[in-house]
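All ligand and atom numbering here is 1-based and tracks the order in the structure.
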Amino acid sequence: MSNDKKDKTSKQPKEQVIQLYQGAKRIHPKMAKGRFANLRILAILATQFVFYVIPWFNWSGRQAVLFDIPERHFYIFGLSLGAGDLIYLTMLLIISAFGLFWWTTIAGRLWCGYSCPQTIYTEIMLWIDHFVEGDRNKRLKLDKEPWNFRKIRIKFTKYLIIFAVCAWTGITFAGWFTPIREFVPALFTFQAGGGSLFAAAFYGFMTWLMAHQMREQVCKYMCPYARFQSAMFDKDTLIISYDEERGEPRGARKKNAKKEDLPLGDCINCTMCVQVCPVGIDIRDGLQYQCIGCAACIDACDEIMDKMNYPRGLIRYTTESVLEHEYTDADIKKRLLRPRVLGYGAVLLVAVIAMITSIAFRQTLEVDIIKDRGVMLRENNRGWLENAYNLRIINDSEREQVLTAEVSGFDEIMLTGLPSEGLKVPARETITIPVQVSTIPEYADKGSHPIEFRFTYREADSNETNTIVEKASFIGE
Ligand code: SF4
Ligand code: SF4
């Protein structure tokens with residue numbers, strides 16, 4: 001045998017191409033109909049009303065809700081918060097975090113399924129898909145079709161609508177941070193500021209990228225909440241679950257077949273629960289971290305159960321304890337008040353009360369007394385010894401304030417530097433003004449002496465006054 005022949009017959013290892021990266025397959029979920037789909041629509045309408053409409057509301061001649069970052073001033077209807085009020089932002093974050101913990105402990109991923117912006121915008125994109133390209137089967141078919149005029153026309157129409165939705169979403173987002181009634185006309189006359197324009201373009205682009213392109217990939221691979229939520233779950237947390245004991249063994253059957261005559265459970269293996277799932281999982285495989293708790297599979301399965309004349313709830317909201325027969329679905333409500341829920345609830349309540357109280361009693365004017373270190377104790381033209389201070393006055397309100405001050409600490413003490421008719425502090429401004437405190441030399445002996453400033457302020461057109469008391473030190477010889 002020649003060498004050539006030998007080479008041809010000897011076994012060569014087969015060449016294989018191994019993909020180190022597996023691209024995600026596009027999921028085309030079927031549109032679910034039912035109680036929970038209706039709830040989701042309601043949640044979308046409510047949240048999107050807040051997002052798209054609130055920026056257009058006016059309040060006392062200005063945008064009702066505006067987060068003016070360049071001016072470091074936030075307006076929320078009647079509330080006007082300045083740089084000194086950042087504590088409320090911290091409190092709001094704490095309340096949001098504990099609210100989420102509390103809610104997750106009770107109801108699992110209700111936030112993900114009904115109100116997370118990722119879920120909501122993905123759902124809106126799916127509505128557009130459904131509206132333009134048709135239901136799941138038509139979309140799958142269209143994706144497989146070679147490019148032709150019809151496909152180009154359909155895809156072009158869809159992307160045009162998606163572009164309009166994303167662009168308007170971006171413009172609205174920017175409108176929370178810049179007056180929207182000025183921003184929108186400025187956009188169309190090419191006079192919009194660069195910062196606002198960038199915010200609108202960036203948010204619009206991210207809406208398209210996250211909600212249309214990446215969809216469930218964001219929940220599966222990017223969202224940290226999916227990973228740590230299990231720490232908040234307990235055996236009494238509501239989860240969406242397939243009742244394996246009732247459903248298995250699964251299998252197809254004739255519609256009118258008598259249940260008692262079949263060696264099968266209630267699952268007819270129609271796969272409708274899988275077809276409607278926006279993350280492409282099979283709930284029958286058990287609790288999975290990818291499940292966003294949207295309840296589409298409940299609606300789909302309930303519809304099938306109705307058609308089969310079987311009781312609803314093969315897939316349902318339940319708890320781990322119910323699945324382990326510790327109690328029944330009817331007892332779920334009784335397990336609501338458990339230590340973890342009460343603990344998170346108590347912290348949440350305290351934080352909410354603290355925030356409301358502190359906002360209700362907050363001072364709209366703040367005064368910081370800063371000792372002027374560059375000026376030592378000096379004698380003034382009356383022969384008294386004086387210390388110099390700078391008053392930093394922050395007016396967080398939307399009205400001009402008039403401030404007067406007096407000082408105490410010695411029997412003989414005088415404050416100079418403020419106008420006798422009161423210092424006018426313009427709305428939303430911070431001003432710094434030098435003042436002097438003086439006393440007779442007998443009192444200004446060596447060391448630090450406590451003194452007290454008492455500031456009184458009122459709105460320029462009002463007689464109602466507020467008082468701020470601040471402590472300071474007078475440094476003697
Ligand atoms: S929808 Fe219900 S019956 Fe159909 S496969 Fe899913 S669990 Fe089974
Ligand atoms: S398994 Fe059900 S609840 Fe979970 S994401 Fe899929 S459809 Fe939604």
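T318 pairs in a side-chain hydrogen bond (donor to acceptor under 3.5 Å, both in side chains) with only one of the listed residues (D243, D329, T328), which is D329. When W168, F173, F177 are each tested for a ring pair (Phe, Tyr, Trp, His ring centres under 6.0 Å) with Y203, only one passes: F173.
Note on atom 4 (Fe) of ligand 1: protein N/O/S atoms under 2.8 Å are C270 SG.
The backbone N or O of G82 lies less than 3.5 Å from a partner atom in the side chain of D85, making a donor-acceptor pair.
For the residue pair M355 and L92, the shortest heavy atom distance occurs at CE-CD1, 3.9 Å. In terms of heavy-atom proximity, K151 sits nearest to E145 at NZ-O, 2.7 Å.
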Let's go through R215 and D129 carefully: what are the C-alpha distance in whole Å and the side-chain angles of both, what is the deciding distance for salt bridge (Lys or Arg N to Asp or Glu O under 4.0 Å) to 0.1 Å, and is it a yes or a no? CA-CA 13 Å; R215 292 192 178 170; D129 276 4; 2.9 Å; yes

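The protein atom (non-hydrogen) at minimum distance from atom 5 (S) of ligand 2 is I292 N, 3.4 Å. The nearest heavy-atom contact from the protein to atom 2 (Fe) of ligand 2 is C297 SG, 2.3 Å. In terms of protein heavy-atom proximity, atom 4 (Fe) of ligand 2 is closest to C291 SG, 2.3 Å. Shortest contact from atom 8 (Fe) of ligand 2 to any protein heavy atom: C294 SG, 2.3 Å. When only non-hydrogen protein atoms are considered, atom 6 (Fe) of ligand 2 lies nearest to C277 SG, 2.3 Å.
Below 4.0 Å from some heavy atom of I315 lie the following atoms of ligand 1, by number and element: 7 (S). Near I283, with a cut-off below 4.0 Å to any heavy atom, the atoms of ligand 2 are 1 (S). For ligand 2, the atoms closer than 4.0 angstrom to any heavy atom of V279 are 5 (S). Distances below 4.0 Å separate heavy atoms of I240 from the following atoms of ligand 2: 3 (S).
The distance between the ring centers of F36 and Y317 falls below 6.0 angstrom. If you look at F205 and F202, their ring centroids are not closer than 6.0 Å.
Between the side chains of Q191 and T189, at least one donor N or O lies within less than 3.5 Å of an accepting N or O. Side-chain contact of Q48 with Y121: a donor-acceptor pair under 3.5 Å is present, judged by distance alone.
At least one heavy atom of I281 sits closer than 4.0 Å to an atom of ligand 2.
Enclosure of atom CZ in R72 is not indicated, since only 12 or fewer non-hydrogen atoms of other residues, nucleotides or ligands lie within 6.0 angstrom.
Contacts between R284 and ligand 1 below 4.0 angstrom, taking non-hydrogen atoms only, involve the side chain exclusively.
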